[in-house]
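Count residues from 1 along the sequence. Atoms within a ligand are numbered from 1 in the order they appear, just like the ligands themselves. Computed from a predicted structure; not experimentally measured.
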Amino acid sequence: MSGPGRGQLVAEAPAAQLLPRLRIILAAPRGFCAGVERAIAAVEAALRRFGAPVYVRRPIVHNRTVMRTLEAKGAVFVEELDEVPPGAIVLFSAHGVAPAVAEEAKERALIAYDAVCPLVAKVHREVVRHHRGGRHVLLIGHHGHPEVEGTTGQVPPGAVSVVQTLDQLRALGLPRALPVAYAVQTTYSVEDAAAIIALMRALFDDVQAPATGDICYATTNRQAALRAIAGQADAIIVVGASFSSNANRLADIAREAGCGSVQLIEDGAELDWAMLAGAETLGITSAASTPESCVAEILELLEGRFDLELSEHRETDEAIMFKQLRLD
Ligand code: SF4
């Protein structure tokens with residue numbers, strides 16, 4: 001690998017010269033956000049305090065490496081609460097749940113803790129406030145995503161319409177005079193949301209926006225950092241799970257930026273070498289639920305085949321931390 005320290009090991013130099021050069025730009029910020037760190041810490045703290053097994057409803061965060069690591073420590077992931085024995089400890093994921101899920105946990109005599117990200121909980125509160133204020137809520141988000149299910153479940157059925165595209169918004173056929181408010185899935189594409197909000201303003205006379213933006217700081221920063229490097233890259237690797245919303249949005253952004261070779265991979269085993277053929281500059285980023293160890297593993301594999309020139313583009317610094325979940 002070139003850059004700092006290059007040439008210090010004389011014995012390595014001839015081998016490196018035989019390898020094709022590859023310039024790598026790492027996007028920053030990338031990887032874990034404060035909400036993901038808090039949710040993982042909550043499972044670990046529950047395991048320490050109560051011992052294994054600790055049940056977790058749905059993936060605590062959308063990343064298999066994280067889930068496998070927690071499983072090895074004694075976490076048991078389930079889809080629904082009827083898989084959890086009465087009296088057991090159960091945690092809800094960072095994506096949030098509808099109040100009906102918490103109710104069900106009570107009925108089943110489970111000891112439940114909610115590891116919802118505080119920024120998702122903020123969206124929940126807003127949606128409830130808008131509904132109580134007599135507004136129909138338009139939630140910009142992906143149908144079926146757990147965060148969207150949890151947000152929709154905060155209010156009675158029919159109080160929220162989920163819209164994912166401009167066409168879906170038009171197809172709702174709601175009257176222009178209906179007072180509406182919008183909310184946005186925290187991991188949505190900043191640009192796609194802006195286009196849908198612009199159409200809302202054209203279709204309705206009275207549109208209320210969230211007090212502050214719903215798309216969270218981590219999503220915004222990771223998308224901006226990737227946009228900043230995408231134009232310079234012949235190929236881009238987004239390290240993240242195929243079922244992670246924010247990982248998929250990063251891959252979309254790379255494609256929209258015109259990059260013809262975009263891989264969304266969870267770890268080195270999924271690396272498609274053919275997609276790097278002829279690339280001189282490779283951009284790498286990772287989703288908010290991806291541990292940095294997955295990026296490090298991919299860099300190590302690349303180092304075996306290329307003479308790497310490594311740099312990092314830092315778009316902004318992040319200092320946000322959330323209080324740990326209390327397990328009283
Ligand atoms: S991506 Fe944003 S909303 Fe989701 S857990 Fe991280 S900080 Fe919270």
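- A donor-acceptor contact shorter than 3.5 Å is absent between the side chain of D307 and the backbone of R21.
- Counting only distance, with no hydrogens or angles, the side chain of N246 and the backbone of A288 share a donor-acceptor pair below 3.5 Å.
- What sits closest to atom 1 (S) of ligand 1 on the protein, heavy atoms only, is C216 SG, 3.6 Å.
- Atom 4 (Fe) of ligand 1 has as its closest protein heavy atom T186 OG1, 4.0 Å.
- Which parts of ligand 1 touch C33 is read off a 4.0 Å heavy-atom cut-off, strictly below it: atoms 1 (S), 5 (S), 6 (Fe), 7 (S).
- Short contacts between ligand 1 and Y217, defined as distances under 4.0 Å to a heavy atom of the residue, involve ligand atoms 7 (S).
- Within the listing of ligand 1, atoms 3 (S), 5 (S), 7 (S), 8 (Fe) sit less than 4.0 angstrom from a heavy atom of C117.
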Open item on the list: Test side chain to side chain donor-acceptor pair (under 3.5 Å) on Q232 and H313; report intermediate values, then the result.
Closed with: CA-CA 11 Å; Q232 308 167 52; H313 168 83; 5.8 Å; no
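- With no hydrogens or angles considered, a side-chain donor-acceptor pair links R249 and H142 at under 3.5 Å.
- Of all non-hydrogen atoms in Y113 and D328, the two that sit nearest each other are OH-O, 2.9 Å.
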